[in-house]
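Below: one structure, written as structure tokens.
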Amino acid sequence: MLDIKVIRENLDWAKEKLATRGIKPEQLDELVAIDAKRREAMVQSENLKAERNEVSKKIAEAKRNKEDAADAIKNMREVGAKIKDLDKDIDELTEKQEYILLRLPNFPADSDPIGPDESYNEEVRRWSEPTKFDYAPKAHWDLGTDLNILDWDAASKVSAARFVYYKGAGALLERAVYNFFLDENTKEGYTEIIPPSLVNNDSMQGTGQFPKFTEDVYTIVENDDPEVPRNLTLIPTAEVPLVNYFRGDIIDGKNLPINVTALSPAFRSEAGSAGRDTRGLIRMHEFRKVEMVKVVKPEDSWEELEKLTHNAEHLLQKLNLPYRVVALSTGDASFTSAKTYDLEVWMPAQDTYREISSCSNCTDFQARRAQIRYRDEDGKVKLTHTLNGSGLAVGRTVAAILENYQNENGTVTVPEALVPYMHGMTKITPEVKWH
RNA sequence: GGAGUGUUGUCCGAGCGGCUGAAGGAGCAUGAUUGGAAAUCAUGUAUACGGGUAACAACCUGUAUCGAGGGUUCAAAUCCCUCACACUCCGCCA
């Protein structure tokens, strides 16, 4: 959530910034007008409340002295009614203001490439060269099916499209990848967390998924009493439980930055992406992801974003997977982010780079929504900044390994870094078919 | 799932419908004392949102906040309702 004060005091600047993210300036005018009305009503209400408190004190005194206070009580009854009306107005105005405020995206950083969509993203750097083959490389979904380590048919029977079974060496590979990620992240100073996979509405709002993106997620409805929904949602990313771990907290500044990492399932409805990436592991309703989250002091967040990005890159480097780093344009970056670097891994069969990690500095946007604060050396309480990045998407990593490490005979060489995690297995060969 | 108890500031803990932003401790900070420290004494020790003076900081003032939300009342930490969470006992269960 943006700071209404910042908008109020720098209206033109705010309009300009948010215009690059597709927000119409009139919306901010409306917001500021509501805010002005709200504050006006507050002044009136607060003056009346001050009067009421004053008179109430006198009534109390009179009662103690056994004097009559009937007139004052009668007057205050009217004042009370007025206050009630005004407070109702204030509530309505606050609600209107929140409605807009909760749906405005974060201010983009000055360094962000400006543009409405991904075509304005800027490549920052490349690591290694796209893997070369002297034959036509297979797509990972074919490799997975032919090796009998990934089974989409069974998953669509048992669950639905965009679900998958991992089998044998495939399951082992998935497990190897995330254990490797967790170990590496832990070595880099991240504390491992195992978070819950269902979270409440306050949490979804705290990290910015709600109220705007309710269609993108799966929410649990308890059938026996539809009147009282439990309001638990399957997490679309571990970012939600990791950041909300600190919701409402005042952290001792000595303990910042806090770095945490977690493996979790990620559930996404993928509403609106019908027809895109229908094959393979790229776009699933359920996948596993290792996430990294940082809670930092505001003055450190830009440096921490670079560190976070490098931590994610380090994983790809150790797996020897070619990738590039892309700075997202103002129009392409996520709702909560001020600046995002995407890591895109080379996918030979598609002859292109595909997103495998997204590292964002959310500045104080989530911290304000979730009220995550810290006490600095002077004892003052301030909002923190939060950052998050995938380290990394596990399914997509498996896909990248299959494609980049494939051999002409259809087997897949295990990346050196993963061999210990694969119990010494160096090559993935076909699994037994059961039918 | 059933029955009961509880949730107060950084922590512990008191609290009769008005004099309670909240007793009393502890902790922390500053000052005094000391050659220095301990002990002792004194003072201070919330956050949010308004308004004003002023504007890298700050000060004055109002309002709100005692798990959350609603209600009763001139007035609610205190009474009523709903919910969340914690603990205890019973039942069930990986």
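Letters A, B, ... are given to chains in the order of the sequence lines, protein chains preceding strands, and every chain is numbered from 1.
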(request) Would you mind reporting whether A:His423 and A:Leu172 have side-chain heavy atoms less than 4.5 Å apart? (result) yes

(message) I need the CD1-P distance between A:Ile34 and B:G50, as an integer number of Å.
(response) 15 Å

(request) Could you check how far CG of A:Asn75 sits from P of B:U73, rounded to whole Å? (result) 17 Å

(request) Would you mind telling me which of B:C49, B:G18, B:A57 lies closest to the side-chain atoms of A:Lys380? (result) B:A57

(message) Measuring only the C1' atom in each nucleotide, how far is B:G4 from B:G15? A whole number of Å is fine.
(response) 24 Å

(message) When both hydrogen-bonding distances must be under 3.5 Å and the geometry is Watson-Crick or G-U wobble, what is B:A64 paired with, if anything?
(response) B:U47

(request) Consider the side chain of A:Lys63, meaning its heavy atoms from C-beta on, and name the nucleotide among B:G50, B:U63, B:G18 that approaches it most closely. (result) B:G18

(request) Select from A:Asp35 and A:Gly80 the residue whose nearest nucleotide in RNA chain B is closer to the 5' end of that strand. (result) A:Asp35

(message) Base, sugar-phosphate or nothing for A:Arg368? Non-hydrogen atoms, less than 4.0 Å.
(response) nothing

(message) Looking at A:Asn53, I'd like to know whether one of its side-chain N or O atoms comes within less than 4.0 Å of OP1 or OP2 on B:U63.
(response) yes

(request) Return the nucleotide paired to B:A37: Watson-Crick means purine N1 to pyrimidine N3 with N6-O4 or O6-N4, wobble means G-U with N1-O2 and O6-N3, both under 3.5 Å. (result) none

(request) Using atom CG of A:Asp252 as one end and atom P of B:C11 as the other, report the distance to the nearest whole Å. (result) 13 Å

(request) Please state whether the phosphate of B:A46, meaning OP1 or OP2, lies under 4.0 angstrom from any side-chain nitrogen or oxygen of A:Arg373. (result) no

(request) May I ask which nucleotide in the shown strands pairs with B:U30, Watson-Crick or G-U wobble, both distances under 3.5 Å? (result) B:A42

(request) Using whole Å, report how far CZ of A:Arg77 lies from P of B:U73. (result) 8 Å

(request) Measure the distance from CD on A:Glu46 to P on B:G51 and round it to the nearest whole Å. (result) 9 Å

(request) Sticking with atom C1', work out how far B:A14 lies from B:A22, rounded to a whole angstrom. (result) 10 Å

(message) By nearest atom, which of the nucleotides B:A46, B:G18, B:G50 is closest to the A:Arg375 side chain?
(response) B:A46

(request) Using a cut-off of strictly less than 4.0 Å, decide whether A:Asn200 has a side-chain nitrogen or oxygen near OP1 or OP2 of B:A84. (result) no

(request) Please give the nucleotide sitting opposite B:U7 as a Watson-Crick or G-U wobble pair, both distances under 3.5 Å, or none. (result) B:A84

(request) Could you check whether the rings of A:Phe163 and A:His285 sit parallel, tilted or perpendicular, using 30° and 60° as the cut-offs? (result) tilted

(message) Against the six-membered ring of A:Tyr245, is A:Arg247 placed for a cation-pi contact (under 6.0 Å from the centre, within 45° of the normal)?
(response) no

(request) Figure out the CG/C1' separation between A:Asn47 and B:C49, and round it to whole Å. (result) 15 Å

(message) With a 4.0 Å limit, can you tell me whether A:Arg39 has a side-chain N or O closer than that to the phosphate oxygens OP1/OP2 of B:C49?
(response) no

(message) In whole Å, measure the gap between the C1' atoms of B:A84 and B:A26 for me.
(response) 30 Å

(message) Could you tell me if the side chain of A:Lys294 sits less than 4.5 Å from the side chain of A:Thr386, heavy atoms only?
(response) no

(request) Report the distance from atom CD of A:Glu403 to atom CG of A:Leu321, rounding to the nearest 0.5 Å. (result) 11.0 Å

(request) Could you state the atom-to-atom distance from CG of A:Asp87 to P of B:G71 in whole Å? (result) 11 Å

(message) For B:A22, give the paired nucleotide (Watson-Crick: N1-N3 plus N6-O4 or O6-N4; G-U: N1-O2 and O6-N3; both under 3.5 Å), or none.
(response) none

(message) Strictly by Watson-Crick or wobble contacts shorter than 3.5 Å, is anything paired with B:A76, and which nucleotide is it?
(response) none

(message) Roughly how many Å apart are B:A23 and B:A77, using the P atom of each and rounding to a whole number?
(response) 14 Å

(message) Check the phosphate of B:A48 against A:Lys5, side-chain N and O only, distance under 4.0 Å to OP1 or OP2. Yes or no?
(response) no

(message) Return the pairing partner of B:C89 with a 3.5 Å limit on both distances, Watson-Crick or G-U wobble; otherwise return none.
(response) B:G2

(request) Whole angstrom is fine here: how far is it from CG in A:Asp3 over to P in B:A48? (result) 11 Å

(request) Assert yes or no for the condition that the ring centre distance of A:Tyr165 to A:Trp152 is strictly below 6.0 Å. (result) no

(message) I'd like to know whether the aromatic ring centres of A:Phe107 and A:Phe365 sit less than 6.0 Å apart in this structure.
(response) no

(request) Go ahead and name the base partner of B:C16; Watson-Crick or wobble counts if both distances stay under 3.5 Å, otherwise write none. (result) none

(message) Can you check the distance between B:G50 and B:U45, where both ends of the measurement are the C1' atom (answer in whole Å)?
(response) 25 Å

(message) By nearest heavy atom, map A:Glu51 and A:Ala72 onto RNA chain B; which one lands nearer the 5' end?
(response) A:Glu51

(request) Taking atom C1' in both B:A86 and B:C80, compute the distance separating them and give it to the nearest angstrom. (result) 23 Å

(request) Inspect the contact between A:Lys49 and A:Asp87 and indicate whether a charged nitrogen and a carboxylate oxygen are less than 4.0 angstrom apart. (result) yes

(request) Counting heavy atoms from C-beta on, name the nucleotide in B:A57, B:G62, B:G51 closest to the side chain of A:Ala50. (result) B:G62

(request) Could you check which of B:U72, B:G50, B:A64 has an atom nearest any side-chain atom of A:Lys84? (result) B:U72

